[in-house]
A.B. asks: 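Below you will find the structure I want to go over with you.
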Amino acid sequence: MNFQGQNYGLPMGSDVHRDGLFLELHPRRGHGASPQFRLLRWWIALSSALLLLGHGSATGVEIVRYPIPESAADQRYDYPRKLLELVLSKTRTAYRVEYPAVSMSQSRQIVELEAGRMIDVAPLPSSAEREARLLPIRVPLNKGLLGWRLGLVRKGDTDRVAQVKTLADLMGVRLAQGQDWPDTQILSGNGLEVINGSNYEGLFKMLESQRFDYFPRSVMEIWDEQETHASTLEIEPHLALHYFYDSYFFVNKRNTKLAADITEGMEKAVADGSFDKLFNQHWGERVRKARLNERTVIELRNPLLTPETPSHRPELWYGVRR
């Protein structure tokens, strides 16, 4: 473009004024707007609009609110948080994860998600009720490790479980879980006596005070929990429980865009291997320490399993026994 006149082609006698984010050009009084002047004004306005559009795309970040755990010692939310950040980085929308100041139980997370308050996504153990109330992204976050269980017992009390070989043997052992955990229904649905605890930290105190004798924990959780309570609790070395089970990311039923983006990111992470890489970084050593192939494994049925569970996709599960 070859604009005539001085000041980079501005017509003689023109003033340049900035109004907001756009430039406006006005000919001095007594001068008509020449074709060159009108063309230059159009070109500057178009350039400004394109710059503004580009700036909005670069800085238009959507906020996703993610819950914090009930206890500062609870590290169970670290891995799914990193997984969420990974999958969101693979979407076409720019996201930033933020955290509310208030910690929440699983029940509270469900209430807040359902109401559209405080949080937008949560990593929750699945159940038919939860899948009905919320919108699940059906890729198991932990490849089914949530259904592989070892037991915390009081120090020096491993003999109580050492002779357990069958489900019938286990029925003579007092177990416990959180009152709002789906595991409670799974264990009791297999005929086991399950004592309910009202909060996460309280369950360890209940075990220490002999309110129950065996605390089934996933192979992901148990090592950190035992270390936190090393003076009073140890990991029972002989037994493992297994049921087909895991957590999903859940969102509000109306939040279909976020659900679609998380689904897109999860499938990309599974396909490109970054899901397995993160999984192995976090859980590989713990699975090896669990020595699952050396333990007596008691298979339990999961009455909460829904028909939509992606059990037909072996790449999503670790060591599944059906």
A.B. asks: Decide side chain to side chain contact (heavy atoms under 4.5 Å, CB included) for W148 and Y318; before the verdict, give the C-alpha distance in whole Å, the side-chain angles of both, and the deciding distance to 0.1 Å.
C.D. replies: CA-CA 9 Å; W148 282 100; Y318 173 84; 4.3 Å; yes
A.B. asks: What residues, two or more places apart in sequence or in another chain, satisfy side chain to side chain donor-acceptor pair (under 3.5 Å) together with E236?
C.D. replies: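 Side chain to side chain donor-acceptor pair (under 3.5 Å) list for E236, sorted by chain: empty.
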A.B. asks: May I ask you to say whether E112 pairs ionically with R117, meaning some side-chain N is under 4.0 Å from a carboxylate O?
C.D. replies: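 Looking at E112 and R117, the cut-off is met.
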A.B. asks: What are the two closest heavy atoms between N196 and M206, and how far apart are they?
C.D. replies: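 In terms of heavy atoms, the two residues are closest at O-CE, 3.9 Å.
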A.B. asks: Kindly say whether K165 contributes a backbone atom to a donor-acceptor pair with the side chain of D169 at under 3.5 angstrom?
C.D. replies: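 It does hold such a pair.
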A.B. asks: Do you reckon V194 sits in the same ILVMFWY cluster as Y200, going by side-chain contacts under 4.5 Å, direct or chained?
C.D. replies: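 Same cluster: V194 reaches Y200 through Ile, Leu, Val, Met, Phe, Trp or Tyr contacts under 4.5 Å.
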A.B. asks: Enumerate the salt bridge (charged side-chain N to carboxylate O under 4.0 Å, His left out) contacts for residues 212-221, please, sequence neighbours excluded, ordered by first and then second residue.
C.D. replies: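 Residue pairs passing salt bridge (charged side-chain N to carboxylate O under 4.0 Å, His left out), neighbours aside: R76-E221, R154-D213, R160-D213, R174-D213, R217-E221, R217-E225.
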A.B. asks: For D78, check side chain to side chain donor-acceptor pair (under 3.5 Å) against everything at least two apart and list the hits.
C.D. replies: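 D78 satisfies side chain to side chain donor-acceptor pair (under 3.5 Å) with no other residue.
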A.B. asks: Just to verify, what does R130 make a salt bridge (Lys or Arg N to Asp or Glu O under 4.0 Å) with, not counting sequence neighbours?
C.D. replies: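 Per chain and number, R130 pairs via salt bridge (Lys or Arg N to Asp or Glu O under 4.0 Å) with no residue.
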A.B. asks: Considering residues at least two apart in sequence or located in another chain, which fulfil the salt bridge (Lys or Arg N to Asp or Glu O under 4.0 Å) criterion with R288?
C.D. replies: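 By the salt bridge (Lys or Arg N to Asp or Glu O under 4.0 Å) rule, R288 matches E285.
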A.B. asks: Looking at every non-hydrogen atom in both residues, tell me the closest pair between T184 and G178 and how far apart they are.
C.D. replies: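 Heavy atoms only, the tightest pair is OG1-O, 2.7 Å.
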A.B. asks: Could you work out, with salt bridge (Lys or Arg N to Asp or Glu O under 4.0 Å) as the rule, every residue matching R286, not counting sequence neighbours?
C.D. replies: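 Once residues adjacent in sequence are excluded, the partners of R286 under the salt bridge (Lys or Arg N to Asp or Glu O under 4.0 Å) criterion are D224.
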A.B. asks: Applying ring pair (Phe, Tyr, Trp, His ring centres under 6.0 Å), which residue pairs with at least one partner in residues 104-136 are found, sequence neighbours left out?
C.D. replies: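 Listed once each, the pairs would be none.
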A.B. asks: For A290, what residues pass the side chain to side chain contact (heavy atoms under 4.5 Å, CB included) criterion, not counting sequence neighbours?
C.D. replies: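 L150, V219, W223, L292.
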A.B. asks: Any chance you could pull the hydrophobic cluster mates of I63, using side-chain heavy atoms under 4.5 angstrom and chaining through other members?
C.D. replies: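 Taking Ile, Leu, Val, Met, Phe, Trp and Tyr as members, I63 stands alone, with no cluster partners.
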A.B. asks: So that I can tick it off, tell me whether R108 and D180 are bridged by a salt bridge, with the cut-off set at under 4.0 angstrom between side-chain N and carboxylate O.
C.D. replies: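 Looking at D180 and R108, the cut-off is not met.
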A.B. asks: What residues form a ring pair (Phe, Tyr, Trp, His ring centres under 6.0 Å) with F215, not counting sequence neighbours?
C.D. replies: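 F204, F212.
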A.B. asks: Could I get the full list of salt bridge (Lys or Arg N to Asp or Glu O under 4.0 Å) partners for E85, not counting sequence neighbours?
C.D. replies: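 Residues passing salt bridge (Lys or Arg N to Asp or Glu O under 4.0 Å) with E85: R81.
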A.B. asks: Grab the two heavy atoms, one from D261 and one from T91, that are nearest each other, plus how far apart they are.
C.D. replies: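 So the two residues come closest at O-CG2, 3.1 Å.
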A.B. asks: Could you pull out all residues at least two apart from Y243 that satisfy ring pair (Phe, Tyr, Trp, His ring centres under 6.0 Å)?
C.D. replies: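 So Y243 forms a ring pair (Phe, Tyr, Trp, His ring centres under 6.0 Å) with Y245.
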